Amino acid sequence: MGNPVPRMNFANVRHRLHTIVPPILFMVVAIIAWEIVVRALDIRPIFLPAPSFVIEEAIGTRSKLLSETLATFYEAIAGFAISIVTAVLVAVMFIQSQFLRRGLLPLFILIESTPQVAFAPLLLVWFGYGYLPKIIVALLVCFFPIVVDTTAGLNAVEPELLDLSRILQASNLKILLKIRLPNSIPYFFNGVKTASALSVVGALVAEFVATDSGLGLLLLGAQLRFDMAMIIICIFILGLIGIGLYAVTSLAERVATPWRRQHQS
Amino acid sequence: MWRGERDEPVPEMKMGSGKQRLYAAGPAIIILSVTIIAWEMIVRVFNIKPMFLPPPSLVAENAARFGLMLVPHISVTLYVTVAGFIVGALLAVAMAVVITYSTLLRNTLLPILLVVQSVPKQAFAPLVLVWFGYGDVPKIIIALLVGFFPIVIDTTAGLNAVEPELLDLARTMQASKMKILLKVRLPNSIPYFFNGLKIAAALSVVGALVAEFLTGTYGLGYMMLQAQFAMNMALIITIIFILGLIGIGLFGAASLAERLAMPWKRRMGGGGG
């Protein structure tokens, strides 16, 4: 899909508007309808609070909301960042050692099917409470997709290209740097986009188990108190974090591969 | 936005003779065995307290002792996971078809799907629990929610990724929308569907586990929390292992279904783009 970078002409801007405006309009209408329905049918806030009620509660608890949001965000980002570094290192190591790759990669693919969040209680026994166990859970969750995808990318070089480089007597290191790494970039970003969503899941579930901080704690407390408004607020914040992380990784991908335009309808 | 964008670059193990498969699995088996042996030796040599890291021998012993007691919990978790997985898959396919077929429903439902998609679905667990209480059905709903989205997204992509020429051809033959759906779009979407299905297999286990973390009455999630409070490390490790087996089993079942539905796919073996 090698489209050249689209220019900012009139047709273009209009097309962009056509895609962004309807969903936004829809959300605004949905929220207004939500408010009207709750008031008209007199629905109890325990079951479904009105948007006005939710916003009121959000403003009322804003300092706590902010501190817990930052905690969860920090755990997710830290786990995500560390996982990227370690995953790329391991993927490169797989290129150097066929044995390790053939041994570990199938195991990693298997582990991807397991619930990595199940390690949360184990990590909590080891590291107690605080940020570290949650960062490690987020790391675990992000690590495997990135390793598997990046390894695939490092390997998926056309054999002819490898033959050519060997004829030119390129060292293995040069092959790695000049051919394999650039080739792996799209695959890498595929894994990174998957991992960005998973990092929040990892941090959140670790907080569910630890019950000491973060949006997981807020959600748990809200559930026990039947505080539906707080549940909705937390869901909304988590959604924003998810969208934010995805947007950042998409931006990074576009910067790294400017020739590539993935169009999705 | 989904992992299925790429065309299976993950190096598949060659489906050759039994000997070939053993050769392919060799390094993995070696590494696993070495890890387990090293684990046992390190714990003994450094005299690590079993509460901190029990050796494999102790884990196995513990598993044998607690095994029978775990069975009802295993069956609960298995039931919730599989039910959520299957119902989620069915609903997801239905939703994908509805979105593709009806422009009206697509304009209403797709924005909702996209918005909800960015939220970690586990965050909906407390909401489901407040609305539906504690029991098996809410847990199934949570497991369902988690597995639902990858399948909808991938199947919808598959339903839509038909070459325009094929659609034009169908229309020149005056095929009705329904016929196009059945004969062209659905078969085209099968690989995409299985891609999402395999992802959903792993996620359904997570969904069931998280539901059990929050409801705490039955199931492996509940047992794991109990083991955590009792600092029974060996039991924690055993349960992690069992959950892993459930995840792998479900993934294997989905892969098996994929191979049955698309028997031509496997002949290609090998990896690479």
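We name chains A, B, ... by the order of the sequence lines, and we start the count at 1 in each one. Note that the coordinates shown come from a computational prediction; the quantities given were computed from them, not determined experimentally.
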Chemist: Examine whether an atom of A/I243 lies under 4.5 Å from a heavy atom of chain B, and if so say whether it belongs to the side chain, the backbone or both; otherwise answer neither.
Modeler: both
Chemist: Side chain, backbone, both or neither: which part of B/V210 has a non-hydrogen atom closer than 4.5 Å to chain A?
Modeler: side chain
Chemist: Within this structure, what is the OG-CG distance for the pair A/S113 and B/L245, rounded to the nearest 0.5 Å?
Modeler: 11.5 Å
Chemist: May I ask you to check whether over 12 heavy atoms, not counting those of A/F188, lie within 6.0 Å of atom CZ?
Modeler: yes
Chemist: Looking at CD of A/Q116 and CG of B/L209, how far apart are the two atoms once the value is rounded to the nearest 0.5 Å?
Modeler: 11.5 Å
Chemist: Checking heavy atoms, do the side chain of A/I231, its backbone, both or neither come under 4.5 Å from chain B?
Modeler: side chain
Chemist: Of the backbone (N, CA, C, O) and the side chain (C-beta and beyond), which part of B/L127 lies under 4.5 Å from a heavy atom of chain A, both, or neither?
Modeler: both
Chemist: Looking at side-chain heavy atoms only, is the closest gap between A/L100 and B/I31 below 4.5 Å?
Modeler: yes
Chemist: Above 12 or not: heavy atoms from other molecules or residues under 6.0 Å from CZ of A/F94?
Modeler: yes
Chemist: What is the distance from atom CZ of B/F124 to atom CD1 of A/I232, rounded to the nearest 0.5 Å?
Modeler: 10.0 Å
Chemist: List the atom of B/Q122, the atom of A/F208, and the distance in Å for their closest heavy-atom pair.
Modeler: O-CE1, 3.8 Å
Chemist: May I ask you to check whether over 12 heavy atoms, not counting those of B/Y101, lie within 6.0 Å of atom OH?
Modeler: yes
Chemist: Looking at A/L224, A/T211, A/V125, which one has more heavy-atom pairs under 4.5 Å with chain B than the rest?
Modeler: A/V125
Chemist: If you count every heavy atom of other residues, nucleotides or ligands that lies below 6.0 Å from B/M51 atom CE, does the total exceed 12?
Modeler: no
Chemist: A/F226: what forms a ring-ring contact (aromatic ring centres under 6.0 Å, His included) with it, not counting sequence neighbours?
Modeler: none
Chemist: Hey, is CH2 on A/W34 packed in by over 12 heavy atoms from elsewhere, all under 6.0 Å?
Modeler: yes
Chemist: What is the minimum heavy-atom distance between A/G239 and B/V119, and which atoms define it?
Modeler: CA-CG2, 3.5 Å
Chemist: Among A/P121, A/G216, A/G242, which residue forms the greatest number of heavy-atom pairs with chain B at distances under 4.5 Å?
Modeler: A/P121
Chemist: Please report the shortest heavy-atom distance between B/P120 and A/L238, naming the atom on each side.
Modeler: CD-CB, 3.8 Å
Chemist: If we define contacts as heavy-atom pairs under 4.5 Å, which of A/I111, A/L122, A/L107 has the most with chain B?
Modeler: A/L122
Chemist: To the nearest 0.5 angstrom, please state how far the CG atom of A/L219 sits from the CG atom of B/L129.
Modeler: 11.0 Å
Chemist: Might you point out which heavy atoms bring A/F47 and B/W131 nearest each other, and give the distance in Å?
Modeler: O-NE1, 2.7 Å
Chemist: For A/F99, is the CZ atom crowded, meaning more than 12 foreign heavy atoms sit under 6.0 Å from it?
Modeler: yes
Chemist: Test of understanding: with ring-ring contact (aromatic ring centres under 6.0 Å, His included), list the residues that count as partners of A/W126, not counting sequence neighbours.
Modeler: B/F52
Chemist: Give the intermediate values and the outcome of side chain to side chain contact (heavy atoms under 4.5 Å, CB included) for residues A/T114 and B/F251.
Modeler: CA-CA 9 Å; A/T114 67; B/F251 179 81; over 6 Å; no
Chemist: Less than 4.5 Å apart, any side-chain heavy atom of A/V209 and any of B/Q228?
Modeler: yes
Chemist: Which bit of B/L214 is near chain A, if near means a heavy-atom gap under 4.5 Å: side chain, backbone, both or neither?
Modeler: both
Chemist: Non-hydrogen atoms of chain B under 4.5 Å away: do they reach the side chain of A/F236, the backbone, both or neither?
Modeler: neither
Chemist: Using a cut-off of under 4.5 Å for heavy-atom pairs, which of B/G221, B/P126, B/A202 has the most such pairs with chain A?
Modeler: B/P126
Chemist: Go through the atoms of A/L245 and report whether side chain, backbone, both or neither lie under 4.5 Å from a heavy atom of chain B.
Modeler: neither
Chemist: Please classify the contact of B/I248 with chain A as side chain, backbone, both or neither, using a heavy-atom distance under 4.5 Å.
Modeler: both
